[in-house]
Amino acid sequence: MATLIDGKATAQAVRAEVKEEVEKWTKEGNRAPYLAVVLIGDDPASASYVRGKAKACTEAGTRSDTLTFDSSISETETLELIDRLNSDDDVDGILVQLPLPDQIDDRKIIHALAPKKDVDGFHPVNVGKVVIGEPGFPPATPAGIMELLRRYDISTTGKRAVVLGRSNIVGKPMVNMLLQKGVDATVTVCHSRTRDIDQIAAEADLLIAAIGRAHFVTGDMVKEGAVVIDVGINRVEDATRPRGYRLVGDVDFEAAERKASYITPVPGGVGPMTIAMLLKNTVRAARMNAASLV
Ligand code: NAP
């Protein structure tokens, strides 16, 4: 039976460390890190993510404001807003909650962010830094996975890692993080056009599923003793739940845990780590901002 990787407890530990760091930082006479969160439109899922992030910021002693805008805001107005936040020295980090309404090109907005305030790590400069292994703002979800592996002492050196999914926010940065010197995994990435995905997955010592398909990874796709990281968050109907659905990952957990050595649950695995890593990036942004102002 696999050891459960407890993302909730690990995220709590990271958040407590961030809180301590912020306390120390402010005691040294610095102002608390400040994150500006931009929320456009009334998508309930986006609003709920933003509430979670704001709450986590407050708990960690950082400050944050959610700047909310009607879904009719134009791309030009949004770019002007980003410009203002970029040049405001009191703003350490900027987070634009995606997706944006159709009239706004997500890419243009991400490209407009000052890389030193891009705590989500989506700006091409930060993406490039992940590729070449320089410190920047790593995207929170794959960074959270690396943190889980570190804290559970899971060695990646020489291991065969298979990443399912090649999105810009999870799959691609994950591949690059696993490739770095010192991490030293041998990485294969699969996507919707990959042939024989079952066999490839079944060869993985470390299997990371980030595709967004409920229970895509069956027990047969898990090698005996593999480490299984489930990034997926999928809704499946469940009449027994008050909301009428429950959240499941991309992995058939019951089947996989019988073969894996370590496994993350959904919920309570990778998800909680994402916000914890965002907080870490926000504190880092504050340090960089303060250093650039002296
Ligand atoms: P995404 O942008 O939709 O990308 C999905 C990737 O999976 C794509 O590369 C796609 O291939 C691949 N894919 C889809 N169906 C496939 C199939 N049948 N076989 C093989 N590959 C397939 O998704 P994402 O943003 O990376 O998110 C992935 C999942 O993680 C979602 O469930 C999302 O909710 C979850 N997520 C969780 C967190 C967290 O904090 N835990 C954070 C982010 C995302 P193509 O490129 O060929 O289309």
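Sequential numbering from 1 along the given sequence is applied to the chain's residues. None of these values were measured; they are calculated from a predicted model. Both ligands and their constituent atoms are indexed starting at 1 by order of listing.
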- Query: Does Glu59 have any salt bridge (charged side-chain N to carboxylate O under 4.0 Å, His left out) partners at least two apart in sequence or in another chain, and if so, which?
  - Reply: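 Counting only residues at least two positions away or on another chain, Glu59 forms a salt bridge (charged side-chain N to carboxylate O under 4.0 Å, His left out) with Arg15, Lys55.
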
- For residues Ser72 and Asp70, is any side-chain donor paired with an opposing acceptor at under 3.5 Å?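 Their side chains do contain a donor-acceptor pair, which is all the 3.5 Å distance test asks for.
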
- Neighbour list for ligand 1 [protein residues, heavy atom under 4.0 Å]: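 Within 4.0 Å of ligand 1, the protein residues are Thr141, Gly165, Arg166, Ser167, Ile169, Val170, His191, Ser192, Ile197, Ala210, Ile211, Gly212, Arg213, Phe216, Val231, Gly232, Ile233, Asn234, Val270, Gly271, Thr274.
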
- Using distance alone, with no hydrogens and no angle criterion, decide if Asn289 and Asp89 have a side-chain donor and acceptor under 3.5 Å apart.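 The answer is no; no qualifying pair exists.
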
- Query: Which other residues belong to the hydrophobic cluster containing Leu207, where Ile, Leu, Val, Met, Phe, Trp and Tyr are joined when side-chain heavy atoms lie under 4.5 Å apart, directly or via other members?
  - Reply: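 Besides Leu207, the cluster holds Leu4, Val162, Leu164, Ile197, Ile200, Ile211, Phe216, Val217, Met221, Val222, Val228, Val251, Phe253, Ile263.
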
- Salt bridge Asp238-Arg246, side-chain N to carboxylate O under 4.0 Å: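 Yes, this pair counts.
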
- Query: Other than Tyr245, what residues sit in its cluster of Ile, Leu, Val, Met, Phe, Trp and Tyr side chains whose heavy atoms are under 4.5 Å apart, directly or through others?
  - Reply: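 Reading the cluster by chain and number, Tyr245 sits alongside Ile233, Leu247.
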
